[in-house]
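Step one of this worksheet: look at the structure below.
Hydrogens, waters and symmetry mates play no part in the numbers below; they use all other heavy atoms, side chains included. Numbers here are sequence positions counted from 1. Just so you know, these numbers come straight off a predicted model, no measurement behind them.
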Amino acid sequence: MRAKFLSLAVIAILVLPALASAAPSGTVVVAQGVDPTTLDPQNHQETPAANLASNVFDFLLERDQDLKIVPMLAVSYKNVAPTVWEFKLRRGAKFHNGEAVDAEAVKFTVERIVDPKLKLRGATPWAPLSHAEVVDPDTVRIHTKAPWPILDTMVTTLPILAPKYYREKDMAHVARNPVGSGPFKFVRWVKDDRIELAANEQYWRGAPKVKALVFRPIPDDAVRVAALQNGEIDVAVNIPPHLAAIIANHPRLFLSQAPSVRTIQLMYYTHQFDAQHKLVGPYAGPVADKRVRHAMNYAVDVDQVIKEVLDGKGVRVATMLTTNHFGFDPQLKPIKQDLGKTKQLLTEAGFPNGVDMVVNAPQGRYVRDKEVAEAITGQLGKAGIRATLRVHEWGNYLNNMAYVHKAGPVWLIGWGTTTYDAETVYVPLFRSGKILGNYHNADFDGMADEAQKIMDPKRRLELYHRMNRLWVEDAAAMPLYQQLDLYGATRRVTWKARGDERIKGYDMAVKDGK
């Protein structure tokens, strides 16, 4: 049995009323590459929406600037039984509509995310949850269906909801009008233009230093950088690597960077699933044959893509796990381009004259995503894999293709989960029956299910290493690189990039107060 407590001194500090602070001042404008598809924090699996949630909502636990798990709404917690976790809540926190943040709110949040009737797009990682139990207003117990070793890590990604509000309003309303207990209140969303937030001056840990926080979607890299140089925005994501030096040397700007939790890869449809994520059968196309998938993996020189498209700002990976992920295996090395193997494998698969392929990709979501996809399809073409690239707007890409299993046969996606655990990579993307899964292997499914229940870290790590090897042997995807996140910012703003891609207004201040 595992227990985790804060010291009594720390708890005493945490339950005190927020200290008085200077009134918030100034506006900070953040440009993400794309607009969120929703503001319902439980109905997505995407970072642009998660960044909004990290400002409007609070969590039981959170990750600090160094990515260590620290208290937030919970002041202590412990694993009281193999399938029961108990959280002690701080007193006095309020939602923006005046509701109390209490055990009832946590219970509602937990049970909403696993409610099968709602079919929430964020539900996939939470399948091991059973229910929540109110012990008293300040104590809640979260029950799991089986032992689940990463629940404490997972709750750093579960925004706590105001129960009365989310019960009374319909899904369409809450998708556009979020209510949380975080440092900023939602003001308005002008789709594809801006999302406006205002400082919560009654925030339990003290008012933010920034009075207004605005998120704008600017998909085009050049336009985003120009807006930063012209003073129209204060923070810009996904600075193109070849422009990093210009930002770093600009008198009014600075560059902030961090190794990302995110990896970029091409995903394969080995099997077809329907819109309800049920297995239909093998995919009706060449990538259903793992020899074709291996041929494609050997056809691409990823190091060249990193060098020429990303100006060297990327780290080659052998799987979708970075060195910070639990489950990472340093013994696995990235494969190297081998066009001889590509030709041999295509011939063995019945395509001696090459094969035609469609590759789908988004534009504006990841660092130079369109250009990366163009470089890869160009290399595939030279290897006899005649790839037609189709580029899509992010919202359409997710809602009408990825989420409903229509992005095949090959699609580019970045994946970064702030749990830093192999479970939250392998289960949502490769476990059969999940919202983004288009791969099926019964042995892999069995290991994924077993790993979710193992509380012994050593045994769990051994199982993930076996899954890594199977994933590579089956060419479940084409792993490309770990992204190096580059941000540009104006010197009027105090702020530092994080490795988990979160952009938190509470960590910002405006130097001139304007």
Side-chain angles (χ1 to χ4, degrees), residues 2-24 41-42 53-65 68-81 84-113 129 131-143 151-168 178-186 197-209 504-507:
R2 181 166 54 161
K4 298 188 179 180
F5 294 97
L6 302 177
S7 71
L8 292 177
V10 173
I11 293 174
I13 292 171
L14 288 169
V15 297
L16 290 174
L19 298 176
S21 57
Q42 294 186 339
S54 68
N55 288 284
V56 175
F57 296 88
D58 286 326
F59 305 75
L60 290 174
L61 307 171
E62 67 172 339
R63 290 189 182 270
D64 65 12
Q65 186 72 31
K68 294 178 181 177
I69 296 176
V70 297
M72 201 174 195
L73 291 176
V75 295
S76 69
Y77 66 106
K78 58 184 177 179
N79 193 195
V80 299
V84 184
W85 295 72
E86 182 177 278
F87 294 83
K88 292 286 186 180
L89 307 179
R90 71 176 60 256
R91 295 176 182 174
K94 297 282 187 183
F95 290 104
H96 302 151
N97 65 349
E99 290 184 60
V101 180
D102 56 14
E104 201 61 57
V106 178
K107 174 180 169 63
F108 170 79
T109 299
V110 167
E111 295 182 355
R112 183 180 189 260
I113 192 69
L129 284 184
H131 65 283
E133 167 196 1
V134 173
V135 177
D136 59 50
D138 303 324
T139 310
V140 64
R141 288 184 171 181
I142 299 178
H143 295 251
L151 184 126
D152 54 345
T153 303
M154 288 294 296
V155 298
T156 65
T157 69
L158 184 65
I160 303 303
L161 308 181
K164 185 173 184 292
Y165 175 78
Y166 280 85
R167 281 193 186 104
E168 291 179 351
V179 170
S181 62
F184 290 88
K185 299 179 179 181
F186 173 75
L197 308 178
N200 175 12
E201 300 197 32
Q202 286 73 48
Y203 190 46
W204 55 265
R205 63 165 47 145
K209 297 180 180 70
K504 296 188 175 185
Y506 197 76
D507 297 334

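- For the pair Gly182 and Asn200, the tightest heavy-atom approach, listed with the atom from each and the gap, is O-ND2, 3.0 Å.
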Yes or no on side-chain contact (heavy atoms from CB on, under 4.5 Å) for Thr139 and Phe87, after CA distance, side-chain angles and deciding distance? CA-CA 6 Å; Thr139 310; Phe87 294 83; over 6 Å; no
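- Lys88 meets the salt bridge (charged side-chain N to carboxylate O under 4.0 Å, His left out) test with no other residue; sequence neighbours excluded.
- When all heavy atoms of Leu89 and Ala103 are compared, the closest pair comes out as CD1-N, 3.4 Å.
- Distance alone, capped at 3.5 Å, places no donor-acceptor pair between the Asp102 side chain and the Pro137 backbone.
- The aromatic rings of His131 and His143 lie parallel to each other, their planes meeting at an angle below 30°, with 60° marking the opposite boundary.
- At a threshold of 4.5 Å between non-hydrogen side-chain atoms, the residues Val134 and Val106 do not count as touching.
- Across all non-hydrogen atoms, the minimal contact from Pro208 to Pro24 is O-CG, 3.1 Å.
- Annotation: side chain of Arg112 is in contact with side chain of Gln42 (closest heavy-atom distance under 4.5 Å).
- Under the 4.5 Å side-chain criterion, counting only non-hydrogen atoms from C-beta, Asn79 is not in contact with Asp152.
- With sequence neighbours left out, Glu111 forms a salt bridge (charged side-chain N to carboxylate O under 4.0 Å, His left out) with Lys107.
- In this structure, Phe59 has no ring pair (Phe, Tyr, Trp, His ring centres under 6.0 Å) partners at least two apart in sequence or on a different chain.
- Atom NZ of Lys504 has more than 12 neighbouring heavy atoms from other residues, nucleotides or ligands inside a 6.0 Å radius.
- Between Tyr166 and Pro178 the shortest heavy-atom distance is OH-CA, 3.5 Å.
- Among all heavy-atom pairs drawn from Ser181 and His96, the shortest one is C-NE2, 3.6 Å.
- The salt bridge (charged side-chain N to carboxylate O under 4.0 Å, His left out) check on Glu99 picks up nothing, with sequence neighbours excluded.
- The ring pair (Phe, Tyr, Trp, His ring centres under 6.0 Å) test applied to Phe108 returns no partner, not counting sequence neighbours.
- Partners of Thr156 by side-chain contact (heavy atoms from CB on, under 4.5 Å), not counting sequence neighbours, listed by chain and number: Leu61, Arg63, Ile69.
- Residue Tyr203 is tested with Phe184, Phe95, Tyr506 for a ring-ring contact (aromatic ring centres under 6.0 Å, His included); the sole match is Tyr506.
- With rounding to the nearest 0.5 angstrom, the CD1 atom of Ile160 is 6.5 Å from the CG atom of Leu73.
- Leu158 is not listed as a side-chain neighbour of Leu60, based on a closest heavy-atom distance of 4.5 Å or more.
- Taking the side chain as every heavy atom from C-beta outward, Leu161 and Thr109 approach each other to under 4.5 Å.
- The shortest side-chain heavy-atom distance between Asp58 and Trp204 falls under the 4.5 Å cut-off.
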